[in-house]
Chemist: 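Before anything else, here's the structure in question.
So that the names make sense, note that chain A is the first sequence line, chain B the second, and so on, each numbered from 1.
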There are 2 protein chains.
Amino acid sequence: MSEALTDRQQQVLDFIQAYQREHGVAPVLREIQQHFGFASPFSVQRHVDALAQKGALHRLAGKARGLLHPAHHPGDSALIRIPLYGIIPAGLPTANEQEADSHISVDATSLGVRPDAKLFALRVRGDSMLGAHIVENDVVFLTPREPRPRDIVAALIDGESTLKRFLLQRGRPFLHAENPRYPDLLPATELIIQGVMVGLLRTGAA
Amino acid sequence: MSEALTDRQQQVLDFIQAYQREHGVAPVLREIQQHFGFASPFSVQRHVDALAQKGALHRLAGKARGLLHPAHHPGDSALIRIPLYGIIPAGLPTANEQEADSHISVDATSLGVRPDAKLFALRVRGDSMLGAHIVENDVVFLTPREPRPRDIVAALIDGESTLKRFLLQRGRPFLHAENPRYPDLLPATELIIQGVMVGLLRTGAA
DNA sequence: AAAACTAGTGTTCAATTGAACACATCATGT
DNA sequence: ACATGATGTGTTCAATTGAACACTAGTTTT
């Protein structure tokens with residue numbers, strides 16, 4: 001479907017990509033013109049037209065800076081900025097992202113979540129979820145929502161948040177630590193479920 | 001440092017964010033105006049000015065669609081784009097990122113690597129590294145460099161890349177699968193080490 | 001040699017779009 | 001009462017910027 005690009009077209013495409021990364025917005029036709037030293041904006045115009053026709057570029061006709069990389073497509077490369085808490089404070093960490101220790105940026109599609117998902121992250125302490133292959137210092141991504149059975153959740157127990165697996169037994173919710181050294185079942189009533197695990201990031205090797 | 005936003009300013013900021021996600025470019029002042037039903041573009045202008053002054057928004061003065069999220073800042077978020085391969089082909093996957101299945105964007109600091117690090121990613125097949133708490137469908141991040149003892153490496157064995165732990169025994173390099181069901185030691189000579197694991201991303205819960 | 005394609009020049013026009021000013025309203029606090 | 005600030009209206013201006021046309025030149029294809 002997408003025909004091969006000519007050398008010049010590839011160069012223009014590369015420049016647009018680089019410009020977007022550096023400035024956060026698409027370049028204007030005249031900026032491309034300047035970069036290549038063209039004497040006329042029309043040269044750029046036709047290269048861009050060609051790129052759009054070959055599907056290598058999506059553009060918003062008539063709109064300023066409407067050059068969009070297919071890769072940078074709506075939704076596609078939507079980065080989400082996830083606040084990382086050492087210990088999740090009591091209450092839901094919704095509004096005040098300021099108090100986060102730091103932030104992690106990941107693109108939504110790689111994490112398999114919606115681009116507008118409200119996530120927060122928690123650094124794992126201890127080995128209570130070793131059986132689920134979650135080790136100390138792992139960073140788990142969580143989203144506040146109602147847990148479903150077998151979800152891994154962050155629950156607030158004794159003022160500290162802990163990772164547990166959310167289970168149903170005889171129709172009643174329980175929390176289960178995936179490590180035989182920990183109490184097997186805790187009644188999940190009266191407990192605050194802060195979030196459901198949707199992903200994990202580990203740095204370094206094991 | 002950043003003062004509190006008024007209700008209206010927050011609404012405007014939210015709209016800009018939503019618009020960017022949906023269209024890939026920032027909205028134009030008049031588009032914001034329409035969305036809120038303002039009769040005058042100047043209202044928007046002052047909200048945006050206020051947002052910029054409070055640091056909630058970065059803008060390119062005079063440029064069309066120059067409304068930038070601080071999160072989307074240039075330089076600030078040293079994002080690295082990591083090509084994800086299903087199966088790493090023979091040879092080092094350096095230049096041709098084009099053949100990657102997809103890309104994952106993560107900020108370098110969160111991964112604990114240098115911003116100019118050349119990484120690639122590999123989706124884990126099988127359970128050969130279960131002992132290191134790496135499970136099927138995990139995505140491991142690797143960098144091409146000389147392995148050190150106890151590093152987890154991707155090695156090319158029989159035309160397929162496999163994760164193993166790199167060990168020294170009696171001064172000689174060996175590869176070790178962290179799973180008793182797999183052959184314990186393989187001589188690491190004559191094998192191509194494609195990369196050393198520097199991180200891991202898991203989507204979904206366990 | 002003719003046709004087709006890529007690349008570029010010079011120029012013009014109009015739509016898009018950011019910026020500015022003066023004035024009005026409402027709430028808040030002094 | 002008075003000042004202050006947030007919010008909104010109407011209007012005007014100028015810079016930014018995409019789109020178009022006519023013409024030239026080199027290369028490849030037919």
Chemist: Round to the nearest Å and state the distance from B:D7 atom CG to D:dT7 atom P.
Modeler: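 Nearest whole value for this atom pair: 8 Å.
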
Chemist: Once each nucleotide of nucleotides 19-27 of chain C is scored for protein heavy atoms under 4.0 Å, what B/S/- sequence comes out, 5' to 3'?
Modeler: BBBB-----

Chemist: If I take atom CD in residue A:Q33 and atom P in nucleotide C:dT11, what distance separates them, rounded to the nearest angstrom?
Modeler: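 These atoms are roughly 13 Å apart.
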
Chemist: To the nearest angstrom, how far is A:L67 atom CG from D:dG18 atom P?
Modeler: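 After rounding, the gap between these two atoms is 7 Å.
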
Chemist: I'd like to check the salt bridge (Lys or Arg N to Asp or Glu O under 4.0 Å) partners of A:R59; sequence neighbours left out, ordered by chain and number.
Modeler: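 Result, salt bridge (Lys or Arg N to Asp or Glu O under 4.0 Å) vs A:R59: A:D49.
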
Chemist: Expressed in angstrom and rounded to an integer, what is the separation of A:F38 atom CZ from C:dA7 atom P?
Modeler: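 From A:F38 CZ to C:dA7 P: 9 Å.
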
Chemist: For the residue pair A:H133 and B:H133, does the interplanar ring angle fall in the parallel (under 30°), tilted (30 to 60°) or perpendicular (over 60°) class?
Modeler: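 Plane angle between 30° and 60°, so tilted.
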
Chemist: Quick one: do B:Q34 and B:E31 satisfy side-chain contact (heavy atoms from CB on, under 4.5 Å)? Show the steps, please.
Modeler: CA-CA 5 Å; B:Q34 275 191 25; B:E31 286 165 337; 5.7 Å; no

Chemist: Separation of B:Q53 atom CD from D:dG5 atom C1', in whole Å?
Modeler: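 So the two atoms are 13 Å apart, to the nearest Å.
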
Chemist: Please pick, from C:dT17, D:dT17, D:dG8, the nucleotide with the shortest atom-to-atom distance to any side-chain atom of B:V28.
Modeler: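 The closest nucleotide is C:dT17.
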
Chemist: Describe, as an angle rounded to 10 degrees, how the axis at the first end of the helix from C:dA1-D:dT30 to C:dT30-D:dA1 is tilted relative to the axis at the last end, five pairs per end.
Modeler: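 Taking the rotation axis at each end, their angle is 30°.
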
Chemist: May I ask you to verify if any side-chain N or O of B:R65 is less than 4.0 angstrom from the OP1 or OP2 atom of C:dG18?
Modeler: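 Checking B:R65 against C:dG18: no side-chain N or O falls below 4.0 Å of OP1 or OP2.
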
Chemist: Enumerate, atom names and distances included, each donor-acceptor pair closer than 3.5 Å involving a side-chain atom of residues 138-146 of chain B, sequence neighbours excluded.
Modeler:
from, atom 1, to, atom 2, distance (Å)
B:D138, OD1, B:R202, NE, 2.9
B:D138, OD2, B:V135, N, 3.0
B:D138, OD2, B:R202, NE, 3.4
B:D138, OD2, B:R202, NH2, 3.2
B:T143, OG1, B:K118, O, 3.3
B:R145, NH2, B:D151, OD2, 2.9

Chemist: Round to a whole Å and report the spacing from CD of B:E31 to P of C:dT17.
Modeler: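 Value for this atom pair: 6 Å.
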
Chemist: What is the distance from CZ of B:F36 to P of D:dA6, rounded to the nearest Å?
Modeler: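 In whole Å, D:dA6 P lies 17 Å from B:F36 CZ.
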
Chemist: Applying side-chain contact (heavy atoms from CB on, under 4.5 Å), name anything that partners B:A50, two or more places apart in sequence or on another chain.
Modeler: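 B:A50 satisfies side-chain contact (heavy atoms from CB on, under 4.5 Å) with B:Q9 once adjacent residues are dropped.
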
Chemist: Base, sugar-phosphate or nothing for A:T6? Non-hydrogen atoms, less than 4.0 Å.
Modeler: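 Here A:T6 touches the backbone only, sparing every base.
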
Chemist: Residues in side-chain contact (heavy atoms from CB on, under 4.5 Å) with B:Q10, at least two apart?
Modeler: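 Only B:L5, B:L13, B:D14 meet the side-chain contact (heavy atoms from CB on, under 4.5 Å) criterion with B:Q10.
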
Chemist: Once salt bridge (Lys or Arg N to Asp or Glu O under 4.0 Å) is applied, do any residues pair with A:R114, and if so which ones, sequence neighbours excluded?
Modeler: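 Salt bridge (Lys or Arg N to Asp or Glu O under 4.0 Å) list for A:R114, sorted by chain: A:D116.
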
Chemist: Are A:H47 and C:dT6 close enough that a side-chain N or O sits under 4.0 Å from OP1 or OP2?
Modeler: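 So the side-chain polar atoms of A:H47 never come under 4.0 Å of the phosphate oxygens OP1 or OP2 of C:dT6.
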
Chemist: The criterion is side-chain contact (heavy atoms from CB on, under 4.5 Å); which residues satisfy it with B:S43, sequence neighbours excluded?
Modeler: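 For B:S43, the residues satisfying side-chain contact (heavy atoms from CB on, under 4.5 Å) (neighbours in sequence not counted) are B:F38.
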
Chemist: Without decimals, in angstroms, what is the distance between A:Q34 CD and D:dT17 C1'?
Modeler: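 Those two atoms, CD and C1', are 13 Å apart.
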
Chemist: Taking ring pair (Phe, Tyr, Trp, His ring centres under 6.0 Å) as the definition, give me every residue that meets it alongside A:F42, ordered by chain and number, with sequence neighbours left out.
Modeler: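 Partners of A:F42 by the ring pair (Phe, Tyr, Trp, His ring centres under 6.0 Å) criterion come out as none, since no residue qualifies.
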
